[in-house]
Structure formats: C-alpha cells, structure tokens
Amino acid sequence: MADDFTFEITEKIGILSSTKSGWNLELNKVSWGGRPAKFDLRSWSPDHQKMGKGLTLTEEELKELGKIIQSL
C-alpha cells in the first residue's frame, strides 16, 4: 500500500546543488521501508518531506561510480 511508504535519512553526506525554491540535490544514506540504508542521490524539499526522482546505490555501486568519474 502507498500508505506504508516509509523512509529515514540516516546520514546526510552532502549537497551538490540548490534551487531558488530551496530544493537541494543531496547525497544521503537513506533507509527505505525499514531496510538497511543505501546511498541515495535525489532532490529534496527544504523540510525533507517531499522528494524528486533519484538514484539509490549500494556501497559497491557507489565505489564503481567513483572510479568511473575519476577516469573522466
């Protein structure tokens, strides 16, 4: 059910950019539905109650992404 949707930002890592309306593109560790937290890159409203589409990565996937970025 959509009413059972839960999340918790367990660690705020950093803000990549901000908009004039106050939304931030952030890298955080987020627990979705009570599962173990993963790295999460998405836009958040100032109160963190609304979010945009994003990307959730395991630690291994984040490390691989870092390697790819370093090779650019």
For the residue pair G22 and P46, what are the closest heavy atoms and their distance?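 Taking G22 first and P46 second, the nearest heavy atoms are O-CG, 3.4 Å.
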Looking at H48 and F7, what are the two nearest heavy atoms and their distance?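 H48 and F7 have their closest heavy atoms at O-CZ, 3.5 Å.
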Say whether, by atom type as modelled, one donor and one acceptor occur between the side chain of S31 and the main chain of A37 under 3.5 angstrom.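 Side chain of S31 to backbone of A37, a donor-acceptor pair under 3.5 Å: no, none is there.
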Short side-chain donor-acceptor distance under 3.5 Å, E26 and N28: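 Present: a donor and an acceptor within the cut-off.
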Are I68 and L55 connected in a single hydrophobic cluster, I mean Ile/Leu/Val/Met/Phe/Trp/Tyr linked by side-chain heavy atoms less than 4.5 Å apart?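 Different clusters: L55 never reaches I68 through Ile, Leu, Val, Met, Phe, Trp or Tyr contacts under 4.5 Å.
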Using the ring-ring contact (aromatic ring centres under 6.0 Å, His included) rule, collect all pairs that involve residues 53-72, keeping only residues at least two apart or in two chains.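 Qualifying pairs, neighbours excluded: none.
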Going by atom type alone, with no hydrogens or angles, which donor-acceptor pairs under 3.5 Å involve a side-chain atom of residues 10-18 and a protein atom two or more places apart or on another chain?
{"residue": "T10", "atom": "OG1", "partner": "K29", "partner atom": "O", "Å": "3.2"}
{"residue": "S18", "atom": "OG", "partner": "N24", "partner atom": "OD1", "Å": "2.6"}

Between W44 and L25, is any pair of side-chain heavy atoms under 4.5 Å apart?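 In short, these two side chains do not touch, never coming nearer than 4.5 Å.
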Residues two or more places apart in sequence or in another chain: which of them pass salt bridge (Lys or Arg N to Asp or Glu O under 4.0 Å) with E61?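 Per chain and number, E61 pairs via salt bridge (Lys or Arg N to Asp or Glu O under 4.0 Å) with no residue.
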So how far is it from W23 CH2 to S43 OG, rounded to the nearest 0.5 Å?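 Answer for the CH2-OG pair, W23 versus S43, is 5.5 Å.
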Can you check side-chain contact (heavy atoms from CB on, under 4.5 Å) on L41 and L57, steps first, answer last? CA-CA 8 Å; L41 181 63; L57 302 166; over 6 Å; no
Salt-bridge test for K67 and E64: reply yes if a basic N is under 4.0 Å from a carboxylate O, no otherwise.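 Judged by the 4.0 Å cut-off on N to carboxylate O distance, K67 and E64 do form a salt bridge.
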Does the ring centre of W32 sit less than 6.0 Å away from the ring centre of F39?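 Here the rings of W32 and F39 have centres that are no less than 6.0 Å from each other.
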